[in-house]
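Let me begin by presenting the structure, written as structure tokens, before commenting on it.
Below, all heavy atoms of this structure are taken into account, side chains as well, without hydrogens, waters or symmetry copies. None of these values were measured; they are calculated from a predicted model.
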Amino acid sequence: MSVGVVTAFLSSSAPPSWFMYSIAFWGWVMLGVMGIGGFFMFRKFLKVLPKADGKSKLDWQNYWVEKSRPLWTDDSKAFLNELVQPVPGPFRDIAKHSIAAEIGKIAVESGATEVTRDHCIKGYIVATPKRDYKFLVDFLQKKNIDYTPYQHLLNK
């Protein structure tokens with residue numbers, strides 16, 4: 001009897017159903033991963049498109065980072081590194097660059113001679129989404145920094 005089962009298995013032209021289901025499963029996984037990757041690539045593409053003034057969002061970020069580069073001190077760089085610490089490693093440099101651009105913009109527009117912690121906190125609030133404010137408040141409380149002057153920015 002067992003020889004008949006093996007012969008029937010080997011002589012059938014269709015692959016086993018478990019194999020076909022595994023192919024279908026991994027096909028859907030690949031489509032999902034490609035869709036997620038495509039979403040993030042499309043978001044990056046939108047940042048590169050020029051706005052009404054002829055410059056893209058990334059061009060403006062690079063402009064403000066370069067314009068404010070001489071204003072950064074070692075203390076402000078270290079403080080920025082502490083602020084972006086909870087961002088996952090692969091995305092940390094990108095987040096740091098966009099936050100540094102907003103901080104630089106605030107510092108340059110205020111006419112400051114150097115980037116201070118005040119500029120860093122304001123720039124972090126403006127550059128990050130509202131869901132990240134909880135981390136900022138916890139961080140400032142842990143460092144014993146009074147955040148009441150920034151309450152109006154946190155409540156927006």
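Using a cut-off of 4.0 Å between Lys/Arg side-chain N and Asp/Glu carboxylate O, E82 and K143 are scored as salt-bridged. A salt bridge is defined here as a Lys NZ or Arg NE, NH1 or NH2 lying under 4.0 Å from an Asp or Glu carboxylate O, and K142 with D138 fails to meet this definition.
In this structure, the side chains of Y124 and I121 stay at 4.5 Å or more apart for every pair of heavy atoms. The shortest distance between side-chain heavy atoms of D132 and F135 does not fall below 4.5 Å. For the pair L136/T128, no side-chain contact is recorded, criterion being any heavy-atom separation below 4.5 Å from C-beta on. Between T73 and V115, the closest side-chain pair of non-hydrogen atoms is not below 4.5 Å. Counting only heavy atoms from C-beta outward, the side chains of V48 and K57 never approach each other to under 4.5 Å. Counting heavy atoms from C-beta on, the side chains of S76 and H119 never come closer than 4.5 Å.
Of all non-hydrogen atoms in Y133 and I125, the two that sit nearest each other are OH-O, 2.9 Å. Contact between V87 and R92 at its shortest, heavy atoms only, is O-NH2, 2.7 Å. Between E66 and P70 the shortest heavy-atom distance is O-CD, 4.0 Å. Nearest heavy atoms, L49 versus S56: O-CB, 3.4 Å. Nearest heavy-atom pair across F79 and C120 is CD2-CB, 3.6 Å. Among all heavy-atom pairs drawn from S98 and A127, the shortest one is O-CB, 4.3 Å.
By the rule that hydrophobic residues join a cluster once side-chain heavy atoms approach within less than 4.5 Å of another member, L140 and I106 end up as members of separate clusters. Using a 4.5 Å cut-off between side-chain heavy atoms of Ile, Leu, Val, Met, Phe, Trp and Tyr, with links allowed through other members, L83 and I145 fall into the same hydrophobic cluster. Residues L58 and V65 fall into different hydrophobic clusters, defined by Ile, Leu, Val, Met, Phe, Trp and Tyr side chains chained together at heavy-atom separations under 4.5 Å. Residues M30 and V33 do not share a hydrophobic cluster, clusters being chains of Ile/Leu/Val/Met/Phe/Trp/Tyr side chains in contact below 4.5 Å. Criterion: ILVMFWY side-chain heavy atoms under 4.5 Å apart, direct or through other members. Under it, V126 and L80 are not part of a common hydrophobic cluster.
Cation-pi contact between K55 and W60: present, with separation from the ring centre below 6.0 Å and deviation from the ring axis of at most 45°.
Although no hydrogens or angles enter the test, the distance criterion places a donor-acceptor pair under 3.5 Å between the side chain of S68 and the main chain of W64.
Side chains of Y147 and Q141: a donor on one and an acceptor on the other come within 3.5 Å. Judged purely by distance below 3.5 Å, without hydrogens or angles, the side chains of D146 and T148 pair a donor atom with an acceptor atom.
Here the NZ atom belonging to K122 is positioned 15.5 Å from the CZ atom belonging to R117, to the nearest 0.5 angstrom. Between atom CH2 of residue W18 and atom CD1 of residue I23 there is a gap of 9.0 Å, rounded to the nearest 0.5 Å. From K77, atom NZ reaches atom CD1 of I103 across 12.5 Å, with rounding to the nearest 0.5 Å.
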